[in-house]
There are 2 protein chains.
Amino acid sequence: MAQVKRLRVDGQRNRERIVAAAAELVARDGAQASLEEIARQAGVGSATLHRHFPSRQALLEAVFRDGVAQLCARAAAQPGKEPAAELAAWLEELTVYTATHRGLAFALLGGPAGLTAEDICCTDMLRDVLNVLVARASSRGALHAGATTEDLMMLANAIAVANEKDPLTARRVLRLALTGIRP
Amino acid sequence: MAQVKRLRVDGQRNRERIVAAAAELVARDGAQASLEEIARQAGVGSATLHRHFPSRQALLEAVFRDGVAQLCARAAAQPGKEPAAELAAWLEELTVYTATHRGLAFALLGGPAGLTAEDICCTDMLRDVLNVLVARASSRGALHAGATTEDLMMLANAIAVANEKDPLTARRVLRLALTGIRP
DNA sequence: TTGACAAACGGGGTCCCCCTCCGTATTCAA
DNA sequence: TTGAATACGGAGGGGGACCCCGTTTGTCAA
């Protein structure tokens, strides 16, 4: 599950520098941060950046990979409450996290575009976790019939992308969406 | 309520050409359509485009102004059903419309940025309509206490922007969000 | 240790985009 | 008709994405 082909040490070093620089600049400028500037800050040529990350999506995936993995791990550690509540709680956590990290929502919504197998990972990790929660909730009849994993992920990401930098509003609106608009 | 200062006839003509070209290219390329290309297709210099529309937002507002106005007018013509249902129905209509017209959701989410008084209009028109519907519903206790006009508009637009070109999914997810995820 | 080869690098070029300056052309009111 | 006010657009500065290809740097077998 590691790299398909091990990188040379200089390649590995540059890759890490690029991701670190990207994390910083994406936090400052959002998903549209300049790739040239990221390369400059990482101290590499722009060609090197493009060789390591064939698309902006791929770079964003790499930036957020660890954080998303932690978020997913925490889902497994949830106490086994009522399934729908458990699902709702995790979606809320996801939304707050995504809205807090500029660029992440965009990366998750963008979907696979020029990503190599090991790059597509954030999205898949999240989908896997959600699949489990959704299955558990719907097997007990606790979930609306028409609600798919895709729908819920899209909903959470849409709300997050519209509320970057405002996780509190994002959480409020997600709660509204999970409970419905009636009293 | 017309133009603050009447344009010269050549100015008016060019403005219309620009909006027409923009409508076409935004439909094709989305909200990020090239302004240069729009100017080229309209047969004007790019300076002319920028003079008429100081920002991308302003141009998008102009492109969608008429359509949004019609949508708002239709809200008034709704039969007076149960208020929450009326609100839900119109939000659904809004979402489908927005998801159908590439770039519109982006324009509505972007908010006022460098818009002059007569440019800010789509957003305000929608907000006014929603305010009425929300007030009517909540005065009869048919609306969740924490739900504001801003929340609902944001929710509808977020779903639409995440589902450009897929109005059916947009509608499904909005319905889910309005009724909640439980059965 | 060495040297040949694969792997990775990055300067610099191409093409596109946004935006503005300013000299020129058009309109309109008197 | 005419001259001021208004609008036009070519051209250029500044920046970004992406790629070509000659050069440098690791790696590994001998």
Side-chain angles (χ1 to χ4, degrees), chain A residues 2-22 24-26 28-63 103 106-107 110 113-116 118-119, chain B residues 2-22 24-26 28-63 103 106-107 110 113-116 118-119:
Chain A
Q3 303 293 347
V4 171
K5 199 172 205 314
R6 224 176 87 238
L7 284 175
R8 247 167 52 173
V9 293
D10 52 347
Q12 183 60 38
R13 182 169 38 76
N14 279 339
R15 189 190 157 94
E16 281 162 13
R17 282 184 183 166
I18 291 168
V19 172
E24 193 170 324
L25 291 179
V26 167
R28 196 189 70 191
D29 300 335
Q32 300 308 320
S34 156
L35 300 181
E36 297 275 333
E37 191 179 355
I38 290 171
R40 235 175 288 136
Q41 163 135 352
V44 305
S46 66
T48 297
L49 185 149
H50 285 283
R51 198 174 320 108
H52 280 287
F53 303 101
S55 71
R56 183 179 293 275
Q57 287 293 330
L59 178 54
L60 291 173
E61 289 266 351
V63 167
F106 175 89
L115 300 187
T116 65
E118 76 263 26
D119 286 326
Chain B
Q3 304 292 347
V4 170
K5 198 170 205 315
R6 226 176 85 238
L7 284 175
R8 249 169 49 178
V9 294
D10 52 348
Q12 184 59 39
R13 182 168 37 77
N14 279 339
R15 188 189 158 94
E16 282 162 12
R17 281 184 186 167
I18 290 168
V19 172
E24 192 170 324
L25 291 179
V26 166
R28 195 191 70 189
D29 300 337
Q32 301 308 319
S34 157
L35 300 180
E36 298 271 337
E37 192 177 354
I38 290 171
R40 233 174 290 135
Q41 165 135 351
V44 305
S46 67
T48 296
L49 184 149
H50 286 283
R51 200 175 316 109
H52 281 286
F53 303 100
S55 71
R56 184 180 292 276
Q57 287 293 331
L59 178 54
L60 290 174
E61 289 266 350
V63 167
F106 175 90
L115 300 187
T116 65
E118 76 263 27
D119 286 326

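Excluded from the calculations below are hydrogen atoms, water molecules and symmetry mates; all remaining heavy atoms, backbone and side chain alike, are included. Here is how names work: the chains are called A, B, and so on, in the same order as the sequence lines, proteins then strands, and each is numbered from 1.
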- Is any side-chain N or O of Arg8(A) under 3.5 Å from a base N or O of dT27(D), one able to act as donor and the other as acceptor? no

- Query: In whole angstroms, how far is the P atom of dC28(C) from the CD atom of Gln12(B)?
  - Reply: 11 Å

- May I ask you to evaluate whether Arg40(A) reaches the phosphate of dG16(D), defined as a side-chain N or O under 4.0 Å from OP1 or OP2? yes

- Spell out yes or no: do the side chain of Ser34(B) and the base of dC18(C) have one donor N/O and one acceptor N/O closer than 3.5 Å? no

- Within the structure shown, what part of the strands sits under 4.0 Å from Arg51(B) by heavy-atom distance: base, sugar-phosphate, or nothing? base

- Message: Expressed as a whole number of angstroms, how long is the span from Ile18(B):CD1 to dC18(C):P?
- Response: 14 Å

- Query: Within this structure, what is the CG-to-C1' distance between Leu35(A) and dC18(D), rounded to whole angstrom?
  - Reply: 10 Å

- Item | Backbone of Ala33(A) reached by a side-chain donor or acceptor of Arg56(A) within 3.5 Å | yes

- Query: Could you state the CG-P distance from Asp29(B) to dC18(C), rounded to the nearest angstrom?
  - Reply: 11 Å

- Return yes if a side-chain donor-acceptor contact under 3.5 Å exists between Gln12(A) and Glu16(A), otherwise no. yes

- Item | Below 4.0 Å: OP1/OP2 of dC19(C) and any side-chain N or O of Arg56(B) | no

- Item | Length of the CG-P vector between Leu7(B) and dA29(C), whole Å | 13 Å

- Send over the distance from Gln41(A) CD to dG10(C) P, rounded to a whole Å. 15 Å

- Query: Does a side-chain heavy-atom distance below 4.5 Å link Gln32(A) with Phe106(A)?
  - Reply: yes

- Qualifying residue for side-chain contact (heavy atoms from CB on, under 4.5 Å) with Phe53(A), from Leu35(A), Val19(A), Val63(A): Val19(A)

- Message: Between Asp10(A) and Glu37(A), which residue's closest nucleotide on DNA chain D lies nearer the 5′ terminus?
- Response: Glu37(A)

- Query: Do Ile18(A) and Thr48(A) have side-chain heavy atoms sitting under 4.5 Å apart?
  - Reply: yes

- Return yes if a side-chain donor-acceptor contact under 3.5 Å exists between Gln41(B) and Glu37(B), otherwise no. no

- Message: Strictly below 4.0 Å: does Thr48(B) bring a side-chain N or O up to OP1 or OP2 of dG9(D)?
- Response: yes

- Task: Write down the distance between CG (Leu59(A)) and C1' (dC18(D)), rounded to a whole number of angstrom.
- Result: 15 Å

- Message: Return whichever of Ser46(A) or Glu36(B) has its heavy-atom-nearest nucleotide of DNA chain D closer to the 5' end.
- Response: Glu36(B)

- For dA8(C), does OP1 or OP2 lie under 4.0 Å from any side-chain N or O of His52(A)? no

- Message: Without decimals, in angstroms, what is the distance between Arg15(B) CZ and dA7(D) C1'?
- Response: 14 Å

- Message: So, OP1 or OP2 of dA8(C): does either fall under 4.0 Å of a side-chain N or O from Asn14(A)?
- Response: no

- Task: On DNA chain C, check which nucleotide each of Gln32(B) and Gly45(A) is closest to and give me the residue with the more 5' one.
- Result: Gly45(A)

- Note on the structure: Winner on side-chain proximity to Ala47(A), out of dG9(D), dA7(D), dG11(C), is dG11(C)

- Message: I want to check one thing: is the phosphate of dC18(D), taken as OP1 and OP2, less than 4.0 Å away from some side-chain N or O of His50(A)?
- Response: yes

